[in-house]
2 protein chains.
Amino acid sequence: MDARGAASLLFLREEEIRLGMELLFFGYRDFTAGPDAILAELDMGRAHHRVLHFVGRHPGITVSELLAILRITKQSLGRVLKPLVEGGYVVHAPGRNDRRQRLLTLTQKGQALERRLFERQRDTISRAYRESGAQAVEGFRRVMLGMMGADARARIEAGQAKDRESGKVA
Amino acid sequence: MDARGAASLLFLREEEIRLGMELLFFGYRDFTAGPDAILAELDMGRAHHRVLHFVGRHPGITVSELLAILRITKQSLGRVLKPLVEGGYVVHAPGRNDRRQRLLTLTQKGQALERRLFERQRDTISRAYRESGAQAVEGFRRVMLGMMGADARARIEAGQAKDRESGKVA
DNA sequence: GTCGTTACGTCAGCAACGTTGACATATTAA
DNA sequence: TTAATATGTCAACGTTGCTGACGTAACGAC
């Protein structure tokens with residue numbers, strides 16, 4: 001290949017990457033728009049949704065584990081967790097083995113809100129999946145996983161393995 | 001299919017969606033982590049990066065157009081645009097036809113910073129693309145596009161059409 | 001049983017980035 | 001001349017991150 005050809009390939013590649021950047025920006029923004037609207041009415045934000053999501057998915061999770069997943073400080077978590085507890089969305093119980101721990105669980109009210117938020121987002125994702133086809137969805141998963149650092153990737157893969165064990169996912 | 005089968009399918013589907021939610025959350029977070037670190041050293045944030053990106057990609061863009069793309073208020077834009085202009089990253093010139101407009105362009109300094117940020121993010125995306133393969137990348141694009149509202153989708157598709165015209169993309 | 005470490009909470013202050021509302025200026029267009 | 005448009009700016013506020021510091025309760029080792 002001559003120099004012009006190589007430069008042209010590089011250019012193609014750059015356009016490809018910039019397209020990816022914009023897909024992520026616009027896609028993520030619209031993906032979060034639905035829940036954001038519901039949360040705003042309850043004087044909550046995206047951070048509350050994250051807590052509801054991860055507590056819902058990991059009932060009995062400790063504060064430390066939640067901090068590790070979210071990668072925020074305990075002060076930041078405190079600010080969203082406190083209203084969630086006071087509002088009756090989340091409860092905490094002392095750990096059986098280690099009573100310093102606060103095991104977090106969603107109340108019925110918390111589950112109901114989480115579900116409402118989930119369903120809004122499900123509509124967005126379902127549409128995208130349906131329009132794209134199963135093969136595209138598999139590609140989407142691979143690319144998003146590749147975008148992650150080792151940390152998050154391991155967490156996702158661990159979750160997938162657990163799902164397979166329990167027969168949730170083929 | 002019996003009722004149990006249908007419920008199981010629904011459950012599968014829910015796990016699928018929740019996986020998608022987490023892929024987006026973790027993926028987007030790690031996708032933005034690189035530039036964020038560079039920007040922090042310059043006392044800038046993600047919002048500055050967005051301006052640099054879109055001004056770089058659309059030289060001579062007006063303030064209104066930029067506001068429409070970012071979907072933020074002019075006050076919010078002002079807060080990041082002003083330091084960028086004062087720092088010599090962006091210049092504005094009055095529009096030829098309409099002198100009320102401020103046509104925004106990156107300076108050399110702005111281009112250099114934008115490129116530095118781009119390259120960091122390119123590494124992340126390149127790795128994800130390389131690990132996943134061309135077919136997966138195509139799937140990723142379709143799904144992300146499907147996630148967007150009509151607005152953003154039209155914008156992306158218009159950009160793609162323009163690239164094809166100018167021979168940038170096959 | 002004392003003592004260091006760990007798990008968690010909280011107070012104070014700060015920064016980035018989004019919002020609304022109001023008002024000012026320059027320019028265009030009717 | 002006048003109304004509308006493009007842009008800028010002041011003020012005040014909310015969400016969600018951050019650092020630093022301090023306090024309490026419980027675990028674990030000696």
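Just so it is clear, the values below take in all heavy atoms, side chains as well, and ignore hydrogens, waters and symmetry mates.
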Tell me yes or no: between the side chains of Thr62(B) and Arg102(B), is some donor less than 3.5 Å from an acceptor? no

Strand contacts (DNA chain C) in residues 44-67 of chain B, 4.0 angstrom heavy-atom criterion: Gly45(B), Arg46(B), Ala47(B), His48(B), Arg50(B)

With no hydrogens and no angle check, is any side-chain donor or acceptor of Arg141(A) less than 3.5 Å from a backbone partner on Gly20(B)? no

Using atom CZ of Arg102(B) as one end and atom P of dT25(C) as the other, report the distance to the nearest whole Å. 15 Å

Outer limits of DNA chain D sitting under 4.0 Å from a non-hydrogen atom of chain A, read 5' to 3', are dT15(D) to dC27(D)

Residue whose closest nucleotide on DNA chain D lies nearer the 5' end, Arg99(A) versus Asp43(A): Asp43(A)

So, for Leu52(B) and Glu114(B), which heavy atoms are closest and what is the spacing to 0.1 Å? O-CG, 3.6 Å

Which pair of heavy atoms, one from Leu70(B) and one from Arg29(A), lies closest together, and at what distance? O-NH1, 3.1 Å

Donor-acceptor pair under 3.5 Å, Arg100(B) side chain vs dT28(C) base: no

Going by the salt bridge (charged side-chain N to carboxylate O under 4.0 Å, His left out) test, name the single residue among Arg57(B), Arg155(B), Arg50(B) that passes it with Glu22(A). Arg57(B)

Expected output: side-chain Asp30(A) to main-chain Met147(B) donor-acceptor under 3.5 Å: no

Which of residues 75-86 of chain A have a heavy atom under 4.0 Å from DNA chain D? Gln75(A), Ser76(A), Arg79(A), Val80(A)

